[in-house]
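Here the structure comes first, spelled out in structure tokens, and everything after it is commentary.
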Amino acid sequence: MNTTWEPVIGIEIHVQLATESKIFSSTPVEFGAEPNVRANLVDLAMPGALPVLNEEAVAMAVKFGLAIGAEISETCIFDRKNYFYPDLPKGYQISQFESPIVGRGQLSVFLDDGSVREISITRAHLEEDAGKSIHDRFRQHTGIDLNRAGTPLLEVVTEPDMRSAAEAAACFRQLHALVRWLDICDGNLAEGSMRCDANVSVRPAGDTGFGERTEIKNINSFRFVERAVNYEIKRQIDILEHGGEIVRETRQYDATRDMTFSMRGKELSDDYRYFPDPDLLPLRITKSFRDSVRASMPELPRQMLDRFVADFGIDREVAARLTSNREIATYFESTVALGAAPLLSANWILGDVAAALNRDERDYSDVPVSAQQLADLVKRLEDQTLSSNLAKDVFDTIWSSDESVDEIIDRRGLRQLSDADELSDLVQSVVTAHPEQVEQIRGGATKVVGFLVGQVMKASHGRADPRQVNGLLKRMLNI
Amino acid sequence: MQELRRDLHDRKYSATELAQFYLDRISAFNDRINCFITVDEEGCLERAAEFDSQFGSSTTQPLCGIPIAHKDLFCTAGLPTTCASNMLKSFIAPYDATVVKRTFDKGTVSLGKTNMDEFAMGSSNETSFFGPVRNPWNLNRVPGGSSGGAAAAVASGMTPLATGSDTGGSIRQPASLCGVTGLKPTYGRVSRFGMIAFASSLDQGGPMAHSAIDVYELLAAMEGHDPLDSTSADVSKTILPESNQSLVIGYPEAIFDGLDKNIAGCIEEARAEFEALGHTIKSVELPHVEAAIAAYYVLSSAEASTNLARYDGVRYGHRAAESEDLIDMYCKSRTEGFGLEVKRRILTGTYSLSVGYFDAYYLKAQKIRRLVRDGFLTAFENVDLILAPVTPSPAFEIASLNKQPIEMYRQDLYTIPVSLAGLPALSLPCGFVDGLPVGMQLIGPHFAEGAVLGGGIAFQNVTDWHDQHPALEATLGS
Amino acid sequence: MALSQLALDTEDKQKLSLDLDAIIHFIEMMNQVDTDGVEPLAHAVDLEQPLREDRAIDEIDRGVFQSIAPKTADGFYLVPKVLDQH
């Protein structure tokens with residue numbers, strides 16, 4: 001009997017908040033500094049050192065909560081999560097266990113096929129990052145660098161709402177776009193600014209219960225999330241189909257071998273003895289604090305989407321893609337603000353611009369064509385100065401040049417032939433030069449018209465409008 | 001201390017001479033009493049000389065040139081801070097505790113660091129890695145703990161002022177057993193920054209001296225909001241002693257069961273003294289005193305078990321000489337570094353936070369804590385202050401209780417409920433039993449240090465228990 | 001013991017386990033108090049968490065901190081090699 005298996009996936013994302021100083025100390029947050037020069041007496045857990053909470057970290061967490069439409073706790077508590085590890089200086093991590101700052105919310109996740117999935121966010125809480133253990137630098141020792149210790153983290157936990165590795169990766173990508181949108185994280189995956197844990201289980205399709213799950217820790221790229229989860233789904237199905245059982249455990253993804261492996265026995269404790277940190281007091285988040293955070297927030301993707309639909313008359317799906325990250329949205333808005341037609345601008349941004357970015361492995365934060373250039377290009381298309389073919393030419397030019405669109409058009413004489421006499425002269429000369437083809441057309445081979453259009457386009461150096469040429473030819477040949 | 005300041009001002013002697021006087025007493029008596037772990041002779045004389053050279057110009061600080069001794073859990077930059085533990089025996093903090101910094105800024109001259117129970121865990125000062133402190137009134141008796149070194153140093157005239165810390169009675173109990181005056185301030189009144197933690201939700205630094213007025217002056221130098229301590233209160237209520245002529249003083253007779261009869265007699269006399277001063281005595285009830293000890297023990301041990309997790313031999317403190325691997329290094333370093341009482345508390349605390357015991361122990365204790373606190377708050381609806389004993393008996397013999405942890409914990413029966421409730425309480429001498437001093441507590445509502453100190457000052461204006469000093473020269477020679 | 005990272009010798013262990021039995025018995029005195037419906041209390045004084053302005057202060061002297069460390073090299077704190085990476 002063949003069972004169809006349904007994967008069930010939830011993810012946890014650790015987001016490093018982009019504050020100036022650490023969450024409980026005034027040490028500057030800096031990646032890549034010399035070891036331990038970014039660790040003060042609080043970060044080093046010196047005797048008598050005490051934590052004091054960073055207001056900005058709280059504001060950023062609230063910002064995230066408001067953006068996903070979540071309830072913000074009026075009072076929340078910081079707990080100690082106790083375990084021994086040399087890069088955890090206090091012997092406990094300050095985290096939030098019972099009362100997270102951000103409660104349940106919703107995230108719209110855009111999938112590659114253009115569809116949208118609503119994913120529930122269970123909670124998000126504030127905690128401090130640990131330091132780093134360097135295992136390969138010293139022969140007989142592990143080196144401890146506490147620069148990262150105390151970096152503020154927002155841990156975002158989703159419900160097990162995802163049903164494929166692609167959805168899990170898309171959800172990670174969406175959260176990445178959102179925290180960048182809100183400007184609460186630099187989003188630098190390579191530096192570990194966002195790290196993803198994935199909880200994976202499978203169940204026979206149609207079941208409503210959950211299978212035993214495993215957790216894959218610390219995945220730091222969208223692609224690896226998809227690969228790791230796919231590997232894990234296959235591994236679990238394989239075990240279950242051979243009559244085995246899934247063991248609840250923590251696993252690690254090895255990108256070079258493209259597989260996950262068990263970290264069993266490497267957890268130092270399974271009893272974290274959470275309890276409220278007596279060095280900290282209940283954090284009250286007042287309405288006025290929430291309101292001031294709200295006032296400082298950029299327009300949210302959802303609001304912007306609605307506005308694009310209402311103001312520009314574009315499809316929801318297109319608007320959704322335009323607001324899937326802040327860089328695209330800003331690029332689009334700037335282009336339109338410079339007078340370019342919204343729909344045409346959107347098509348260019350999601351079409352040619354996207355394709356070129358993809359080709360060059362760049363993203364929207366780093367489009368070489370300025371909004372001004374793109375707006376001019378769209379305007380010249382709209383006023384029929386450029387044919388669509390030549391527009392693509394010009395686009396290729398401005399991809400690697402700061403030259404203005406009009407300068408390029410003038411320098412290269414690309415202005416579309418709009419003078420009717422000039423165009424009909426050109427058509428006439430092509431007709432005269434190709435009597436054989438004209439014969440064929442008159443004999444019924446209408447497809448050959450295309451050949452003549454091509455010849456006219458060639459003779460005009462692409463400046464003619466092919467639709468116009470087509471019409472002229474048909475009239476001239478009486479077909 | 002008031003007299004010292006007058007004399008310094010009148011130039012009867014210099015700050016250097018004054019410091020030298022106390023250094024001489026330390027060198028004469030400390031060997032036998034063991035109240036100092038570190039004596040900073042050089043730093044102390046240097047600082048005193050500085051004051052002498054600037055005398056009359058910029059020396060306007062209130063405690064200018066007055067010697068002080070800090071309990072060895074307040075971090076002092078450049079001077080060892082051991083917490084009386086092998087774990088930190090050579091630890092030198094690169095920073096000052098807020099209390100140290102503030103008292104320094106007010107002009108005090110630090111003589112050094114006083115002995116204590118290891119990590120402030122104890123009621124007899126017998127758990128110190130540096131050996132027990134002896135009671136200056138009787139060298140076979142304990143001075144109390146954990147601020148035993150501080151109390152003994154004040155009592156034996158080795159310092160006029162001392163800082164202490166009180167978690168479950170660690171200022172009040174040794175003050176009582178040594179015949180000095182000490183105040184546990186309201187939780188949040190004095191910054192905990194740089195004060196090595198025992199139990200964060202209970203620890204509070206406070207002043208110790210001969211008299212309530214001196215205690216007030218030292219508290220004035222120590223207290224105040226500190227942005228480096230989240231639990232430090234930003235309150236406007238001052239500590240200025242109030243001289244109210246007709247207070248209502250609560251008297252919780254019900255808890256006198258088990259109290260030494262002679263001590264009860266002393267408390268009775270003090271009560272009569274207050275009545276004579278024009279105050280009204282009113283009976284009050286304090287609920288759950290017995291259960292409070294257990295709750296305190298659970299909560300303080302739970303907090304301590306994780307506060308002490310940072311002593312792992314990685315960044316500072318003791319590390320075992322040889323270890324096979326990381327876990328071995330942790331275990332050996334911590335096992336060698338901590339004494340028996342500290343281990344006992346770490347184990348109890350770890351246990352009470354564990355899955356399966358958390359609700360029955362830790363949460364239960366927090367619920368009892370609320371009942372105890374609310375009991376006090378209710379009592380304070382009808383009274384201004386509460387008068388209570390500090391200890392069930394006078395100073396006991398060294399080594400008489402150190403094998404019986406529970407009996408030892410019960411020594412704090414009268415001080416613990418006040419700690420759980422976070423209230424200010426002044427411990428001040430009120431008599432002698434068998435040649436040993438005994439004290440009483442004046443307990444006030446939160447942040448009512450002014451009322452508590454005012455009551456203590458009024459009492460000391462009409463009594464002289466606080467002016468009694470042990471005859472050390474006679475017993476020890478000098 | 002594992003959770004507290006203490007390794008006790010046999011003598012200490014015996015002494016402590018006797019003590020712990022007595023201590024547990026003592027702690028259970030709490031059960032005499034009815035706490036139904038009582039909210040746990042973490043701090044006796046009702047204060048709220050203050051917030052610190054997000055301002056970085058760069059005043060760290062690694063040399064001073066590491067002068068009191070048991071073992072360091074190249075700015076790292078050193079511990080016995082950890083084989084199982086966390």
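Note on naming: letters A, B, ... go to the chains in the order of the sequence lines (proteins, then strands), and numbering restarts at 1 for each one.
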Closest heavy-atom pair, B:Lys364 versus C:Val33, reported as atoms and distance to 0.1 Å, is NZ-O, 2.8 Å

Side chain, backbone, both or neither: which part of B:Ser90 has a heavy atom under 4.5 Å from chain C? neither

Interatomic distance, NZ@B:Lys343 vs CG@C:Leu20, rounded to 0.5 Å, equals 12.5 Å

Out of B:Ala365, B:Ser232, B:Ser354, which one racks up the most heavy-atom pairs below 4.5 Å with chain C? B:Ala365

Residue B:Ser230 versus chain C: region with a heavy atom under 4.5 Å: both

Sort B:Phe376 into side chain, backbone, both or neither according to what part of it lies under 4.5 angstrom from a heavy atom of chain C. neither

So, the part of B:Ser201 with a heavy atom under 4.5 Å from chain C: the answer is both

With a 4.5 angstrom heavy-atom cut-off, which part of B:Phe91 approaches chain C: side chain, backbone, both or neither? side chain

Most contact-rich option vs chain C, by heavy-atom pairs under 4.5 angstrom, among B:Lys367, B:Glu336, B:Arg319, B:Arg344, is B:Lys367

In terms of relative ring orientation, are B:Tyr297 and C:Phe26 parallel, tilted or perpendicular, with 30° and 60° separating the classes? perpendicular

For C:Val79, run the side-chain contact (heavy atoms from CB on, under 4.5 Å) check against B:Val314, B:Asp312, B:Asp325 and tell me which one passes. B:Val314

Would you name the heavy atoms of B:Gly422 and C:Val45 that are closest together and state the gap between them? O-CG2, 4.1 Å

Max heavy-atom pairs within cutoff under 4.5 Å with chain C, candidates B:Ile293, B:Leu202, B:Val235, B:Asp328, goes to B:Ile293

Structural part of C:Leu51 lying under 4.5 Å from a heavy atom of chain B: neither

Among C:Pro80, C:Ala69, C:Pro40, which has the most heavy-atom pairs under 4.5 Å with chain B? C:Pro40

Inter-residue atom distance C:Ile23.CD1 - B:Ser301.OG, 0.5 Å rounding: 7.5 Å

Could you report the tightest heavy-atom contact between B:Tyr316 and C:Pro70, atom names first, then the distance? N-CD, 3.7 Å

What part of B:Thr231 gets closer than 4.5 Å to chain C, counting heavy atoms only: side chain, backbone, both or neither? both

Ion pair present between C:Asp46 and B:Arg373, side-chain N to carboxylate O less than 4.0 angstrom? yes

Distance, nearest 0.5 Å, that separates CD of C:Glu39 from CG of B:Asp374: 11.5 Å

Measure B:Pro227 against the heavy atoms of chain C and call it side chain, backbone, both or neither at under 4.5 Å. neither

For C:Asp61, is it the side chain, the backbone, both or neither that has a heavy atom under 4.5 Å from a heavy atom of chain B? neither

If you take all heavy atoms of C:Ala42 and B:Arg369, which pair is closest and at what distance? O-NH1, 3.0 Å

Show the numbers, then the answer: is there a side chain to side chain contact (heavy atoms under 4.5 Å, CB included) between C:Phe65 and B:Arg315? CA-CA 8 Å; C:Phe65 284 125; B:Arg315 298 161 314 284; over 6 Å; no

Heavy-atom pairs under 4.5 Å with chain B - which of C:Lys81, C:Glu48, C:His25, C:Glu28 has more of them than the others? C:Glu28

Residue C:Gln66 versus chain B: region with a heavy atom under 4.5 Å: neither

Under 4.5 Å from a heavy atom of chain C, the part of B:Ala93 involved: neither

What part of B:Ala295 gets closer than 4.5 Å to chain C, counting heavy atoms only: side chain, backbone, both or neither? both

dist C:Ile27:CD1 -> B:Thr348:OG1 (nearest 0.5 Å) comes out at 6.0 Å

Nearest 0.5 angstrom please: B:His446 NE2 to C:Leu47 CG, how far? 9.0 Å

Can you tell me which portion of B:Leu420 sits under 4.5 Å from chain C's heavy atoms? Options are side chain, backbone, both or neither. backbone

Nearest-0.5 Å distance, CD1 of residue B:Ile406 to CE of residue C:Met29: 8.5 Å

Contacting region of C:Asp36 [heavy-atom separation from chain B under 4.5 Å]: neither

For a quick test of reading the model, state the closest non-hydrogen atom pair linking B:Ile368 to C:Met30 and the distance between them. CD1-CB, 3.5 Å

